[in-house]
Peer 1: 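For reference, the structure I am asking about is given below.
A note on names: the letters A, B, ... follow the listed sequences, proteins ahead of strands, and every chain is numbered from 1.
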Amino acid sequence: MLKIDLSLFISKDMEYNFREIEQKWQKSWVDNKIYQISEDNSKPKYYVLNMFPYPSGAGLHVGHPLGYIASDIYARFKRLQGFNVLNPMGYDAYGLPAEQYAIQTGQHPEVTTFANIDRYREQLDKIGFSFDWNREVRTCSPGYYKWTQWAFQKMFNSFFCNKEQKALPIEVLIKHFETEGNLGLDVAQSEPLTFTAEEWNSWDDKKKSDVLMNYRIAFLGETMVNWCPKLGTVLANDEVIDGVSERGGYPVEQKKMRQWCLRVSAYSQRLLDGLDTIQWSDSIKETQRNWIGRSEGTEVEFRIDGTNDYFTIFTTRADTMFGVTFMVLAPESDLVQKVTTVEQKAEVEKYIKYVKGRTERERMIDRKVTGVFSGSYAINPFTGEKNPIWISEYVLAGYGTGAIMAVPAHDSRDYAFAKHFNLPIIPLIEGADVSEESYDAKEGIVSNSPAPGKSAVEYDGESLMLNGLTIKEAIAATKTFVKKHNIGRVKVNYRLRDAIFSRQRYWGEPFPVYYKNGIPCMIPEECLPIQLPQVEKFLPTETGEPPLGNATVWAWDEANKKIVANSLIDNKTIFPIELYTMPGFAGSSAYYLRYMDPHNDKALLSTEAANYWQNVDLYVGGSEHATGHLIYSRFWNKFLYDLGISVKEEPFQKLINQGMIQGRSNFVYRIKDTNTFVSFDKKDEYDTTPIHVDVNIVSADVLDVEAFKAWRPEYKNAEFILNDEGKYICGWAVEKMSKSMFNVVNPDMIVERFGADTLRLYEMFLGPVEQSKPWDTNGIDGCHRFLKKLWNFFIKDDSVVATDGDATPEERKALHTLIKKVTGDIDQFSYNTSIAAFMVCVNELTKLKSTSREVKEALAVLIAPFCPHIAEELYHLLGHDGTVCDAKWPAFNESYLKEDNMKMMVAFNGKARFPMEFPVGTDNATIEKAALENEQSAKWLEGFTVAKVIVVPGKMINIVLKK
RNA sequence: GCGCCUGUGGCGGAAUUGGUAGACGCGUUAGACUUAGGAUCUAAUGUCUCGCGGCGUGCAGGUUCGAGUCCUGUCAGGCGCACCA
């Protein structure tokens, strides 16, 4: 049977034709450059930013634009309030999927990436954003990554001064070395070194270069890295989840490698302190605090028995010095060699081999107690006793000093170890029972320190005595003692690690570095950017070098300052260039600065642009970046701030984390071994298998049976057992939105069916922006209906009806209630309640049969942030020429809400009973009297007396009764 | 284990500073208009009860004239960190 869409034949001229309206205005906005903005000192600035997307091959689903819509509404709102709003968009274009695709197909990642970007742009354009596309950035374009390379070089040429808590030029440090060695320096470093000026001056360039690496903010370091053999590259800590790679889920192992690193740890304290100055959610701040992991403690020196060698341990429980019964070293610790005795050598080596063979994942899942005795002992500086030194994987090389003093009575891990290897346990806290488990709590009175009948070691006639003190006092006393007698020092430790900054991949920013006989040198700034070379194959070379090893033109001609063929390398004037590339976070760490001045080829951004735009006022993005991008960006910005490039210490003033949109999958139920499908409500009568069905052929959980038959060839002859109403009902579940679940809903499809304004409205109406929620197309009709009602409110008989003159008090009340609500709600990102208020208001005005121009003018502007297309159309139908984007946000007038009478609820003992009305301004005494008179007339109150009357003006009168 | 967040109808979710819990939307039910309805409009819709009136914000207490909101405990779910000394 031929289906005819009747709407094509029935001409209803002024129906809400969203397709026409949206196309028309989207084109007009582009033609008239409505969203192109520039610095304007006559207006206050406001900078709204979304985390820019990685353009994946799958395109956008309805979840992606959620944050963009939320921030677009805010940007438009701010603009209507008179701000000069920067609302840019770009692409985080480097990423693994494009490279993996390149390896499989030989297609250059740039081709794939650009195609994906085009698709993203096409989809984004349909939603009606106010992005200034003139400022678009792509991390993979040379004009952009020039400044990524430039920043890296600045970091290479800087060190971090702990005293001033800022980055300084490396020349300052070199001058200090030349005159005083590293005496009296307090700077961030990889490991403590001691040398004199004479030593420094006597060293050759290679040695100097090596020593400087200990201090540079971007440095080459031998570090334990997360190596993913399957991906052929190293990964950052936040790219490893449960011991497998975040992308692909491949196993990851620990490996020592030479890598470029960024000394993020130097900024630990500033990263921590900065959190107090920004408006981010508590949970994300807390996550960052955890990640930075500040802990105050004490470092204490222990002498290795029989030698003059000391080693250092870090503890937060300095009060437990008298409960130490053994020491433990991390298996990777350099000290292991030093303390292993000849007798224990074989045992220790066996153990180290065992630990190396265990992957991170195995260690995490199987947490058994293992360890080996080294053969040596350490002298406890307080008791003078010898404690055996053990080696165990439960001590981490990367934290503290990689060595601990074990107090089994008061640390559960030490306790488990002591029990397993039969080591002594000495309780120190009064009343602590350690026969079954350790007493880890940090409260109680210290005893046994020193033990009765024993005495502590004397230093200058003084010895430590902690008995009777609280744990807090004991820690403080020990710290003071340690400092005074030079047994150790008070120390703040951070868990935050330096970031590993190189990847063994092709599709990333190349390092502007060449190697002059083993010494890394920077390619001169004026030669930047050095562009990613062409390669034939995107895989590592046969000799195991990174993919850039395949490049044939990848050598630096120092004299002529240009890139030349590898074959010319002579290590005299022509040198090899770095084969590593930068990680994903390199390009995404400072992109917000580049948006301020995206076409500048003289500087990352001009001083004028930096001073005008300052930093991002509102940043919108997912909370999954809490320990990655949001830390790196803050670090990067602080570094640029030290250089005077960035004018604000924190890059993102306010952060909103939008929730994820989950998919809502639909299921059909196939009766086993048949091609018959049974409706959800009857499935329990059969033995069935649920099968995912494309949500796009299901409407309100009712399956379009014909579309299902056409969906896949195997269902062509499917049969159905329908329910009593003759419908096929599908089951449903909330799952991740993904292709394999057939629950992906594209924004394009929604825009096609309902329009962009409806999509924008509905995405915001779904619930709070910050909350994760499943997508459910079923509810969208309500929003679409609202826009139709809005349209019909404006338009009667083919034209807009707008009568001049004052609006009635009722109209003004409805309108100004809305203005107040929406203005307040947008500011708090409470968009769903704003939209509800719109619905109420339009219903109210429709009931009032309002035709007032005053009301319609205001309404068109108020809806503009949410639904810019319909707003623009209505604005023009009202006779305006400009764009609604630059209209003035309606002013709220309190006096329109005032009423003659105030309605008050009379309550007894807090329970509401009946309402009463009083003229505005009635004093409390009168209200009280009137309410009491009412009370006396109520029969059921006999036997009670009035104890008290509470009047909440304008709200309620509460009469408190007693029997 | 530690830290953070969240628990409200059939569903998504409202509820200013403690002041008539359930706005708004979906869904459902009834009616109207229709050849028709997966269109539109009107009304009802927390729950028990014929009604009066009870009971209701995960659970148990507490503070208060009055608690979804504040406090204590507890349970459930989510997120983050995790052998961090």
Peer 1: Indicate whether OP1 or OP2 belonging to B/rA85 is found under 4.0 Å from a side-chain N or O atom of A/Tyr394.
Peer 2: no

Peer 1: My understanding is that a pair needs two contacts under 3.5 Å, Watson-Crick or G-U wobble. By that rule, which nucleotide pairs with B/rC52?
Peer 2: none

Peer 1: Taking O4'-C1'-N9-C4 for purines and O4'-C1'-N1-C2 for pyrimidines, is B/rG9 syn (within 90° of 0) or anti?
Peer 2: syn

Peer 1: Could you please spell out the steps behind the ring pair (Phe, Tyr, Trp, His ring centres under 6.0 Å) verdict for A/Phe765 and A/Tyr831?
Peer 2: CA-CA 7 Å; A/Phe765 189 65; A/Tyr831 297 142; over 10 Å; no

Peer 1: Tell which nucleotide pairs with B/rG9, taking only Watson-Crick or G-U wobble pairs whose two distances are both under 3.5 angstrom.
Peer 2: none

Peer 1: Could you tell me how far B/rG27 sits from B/rA39 if I compare only their P atoms? Round to whole Å.
Peer 2: 9 Å

Peer 1: Take atom P in B/rG66 and the same atom in B/rC55, then report the distance between them in whole Å.
Peer 2: 15 Å

Peer 1: For A/Tyr16 and B/rA39, give me the distance from atom OH to atom P, rounded to whole Å.
Peer 2: 18 Å

Peer 1: When the distance from NZ of A/Lys285 to P of B/rC81 is rounded to whole Å, what number comes out?
Peer 2: 19 Å

Peer 1: Between A/Glu393 and A/Ala836, which has a closest nucleotide on RNA chain B that is more 5'?
Peer 2: A/Ala836

Peer 1: A/Tyr762 OH to B/rC24 P: how many Å, rounded?
Peer 2: 18 Å

Peer 1: Looking at B/rC4, B/rG27, B/rA85, which one has an atom nearest to any side-chain atom of A/Ser283?
Peer 2: B/rC4

Peer 1: Return the pairing partner of B/rU69 with a 3.5 Å limit on both distances, Watson-Crick or G-U wobble; otherwise return none.
Peer 2: none

Peer 1: For the residue pair A/Arg634 and A/Trp291, would you count it as a cation-pi contact if the rule is NZ or CZ under 6.0 angstrom from the ring centre and within 45 degrees of the ring axis?
Peer 2: no

Peer 1: Inspect the contact between A/Lys821 and A/Asp825 and indicate whether a charged nitrogen and a carboxylate oxygen are less than 4.0 angstrom apart.
Peer 2: yes

Peer 1: Table please: side-chain donor-acceptor pairs of residues 621-630 of chain A below 3.5 Å, with sequence neighbours left out.
Peer 2:
| from | atom 1 | to | atom 2 | distance (Å) |
| --- | --- | --- | --- | --- |
| A/His629 | ND1 | A/Ser588 | O | 3.4 |
| A/His629 | NE2 | A/Tyr619 | OH | 2.7 |

Peer 1: Is there a Watson-Crick or G-U wobble partner for B/rU40 with both distances under 3.5 Å, and which nucleotide is it?
Peer 2: B/rA32

Peer 1: OP1 or OP2 of B/rC81 less than 4.0 angstrom from a side-chain nitrogen or oxygen of A/Arg289, does that happen here?
Peer 2: no

Peer 1: Using the C1' atom on both, measure B/rC50 against B/rG31 and round to a whole Å.
Peer 2: 23 Å

Peer 1: Under 4.0 Å between any heavy atoms, over every strand shown, what does A/Val949 touch: base, sugar-phosphate, or nothing? Just pick one.
Peer 2: nothing

Peer 1: Please compare A/Ile284 and A/Asn843 by the position of their nearest nucleotide in RNA chain B and report the one closer to 5'.
Peer 2: A/Ile284

Peer 1: Can we say A/Glu286 and A/Arg289 salt-bridge, meaning some charged N sits less than 4.0 Å from an Asp/Glu carboxylate O?
Peer 2: yes

Peer 1: In whole angstroms, how far is the P atom of B/rG80 from the CH2 atom of A/Trp280?
Peer 2: 17 Å

Peer 1: Say we look at B/rC2 and B/rG10: how far apart would their P atoms be, to the nearest angstrom?
Peer 2: 35 Å

Peer 1: Return the nearest nucleotide to the side chain of A/Glu286; candidates are B/rA85, B/rC26, B/rC4.
Peer 2: B/rC4

Peer 1: Given the C1' atoms of B/rC4 and B/rA82, what is the spacing between them in whole Å?
Peer 2: 15 Å

Peer 1: Whole angstroms only, please: what is the CD-P distance between A/Glu763 and B/rG12?
Peer 2: 18 Å

Peer 1: Determine the Euclidean distance between corresponding C1' atoms of B/rU8 and B/rG46; express it in Å to zero decimal places.
Peer 2: 10 Å

Peer 1: Once you apply the 3.5 Å cut-off to both distances, tell me the Watson-Crick or G-U wobble partner of B/rG1, or none.
Peer 2: B/rC81

Peer 1: Could you tell me how far B/rG25 sits from B/rA60 if I compare only their P atoms? Round to whole Å.
Peer 2: 34 Å

Peer 1: After noting the C-alpha distance and the side-chain angles of A/Ser772 and A/Gln662, does the key distance pass the side-chain hydrogen bond (donor to acceptor under 3.5 Å, both in side chains) rule?
Peer 2: CA-CA 7 Å; A/Ser772 286; A/Gln662 294 136 313; 5.2 Å; no

Peer 1: Charged N to carboxylate O below 4.0 Å: is that the case for A/Glu301 and A/Arg489?
Peer 2: yes

Peer 1: Using atom CD1 of A/Ile391 as one end and atom P of B/rC83 as the other, report the distance to the nearest whole Å.
Peer 2: 20 Å

Peer 1: Using 30° and 60° as the class boundaries, would you call the ring planes of A/Tyr394 and A/Phe417 parallel, tilted or perpendicular?
Peer 2: tilted

Peer 1: How many Å lie between CG on A/Asp440 and P on B/rC83, as a whole number?
Peer 2: 16 Å

Peer 1: Count the heavy atoms of every other residue, nucleotide or ligand shown that sit under 6.0 Å from NZ of A/Lys773, and state whether that count exceeds 12.
Peer 2: yes

Peer 1: Base contacts versus sugar-phosphate-only contacts with protein, heavy atoms under 4.0 Å: please encode nucleotides 13-21 of chain B as B, S and - from 5' to 3'.
Peer 2: SS--B-BB-

Peer 1: Looking at A/Arg495, I'd like to know whether one of its side-chain N or O atoms comes within less than 4.0 Å of OP1 or OP2 on B/rA82.
Peer 2: yes

Peer 1: Among B/rC4, B/rG80, B/rA85, which is the nearest nucleotide to the side chain of A/Thr287?
Peer 2: B/rG80

Peer 1: Without decimals, in angstroms, what is the distance between A/Leu329 CG and B/rA85 C1'?
Peer 2: 13 Å

Peer 1: Distance check, P atoms only: B/rC5 and B/rC71, in whole angstrom units.
Peer 2: 11 Å

Peer 1: Please say whether more than 12 non-hydrogen atoms of neighbouring residues, nucleotides or ligands are located less than 6.0 Å from CD in A/Glu917.
Peer 2: yes

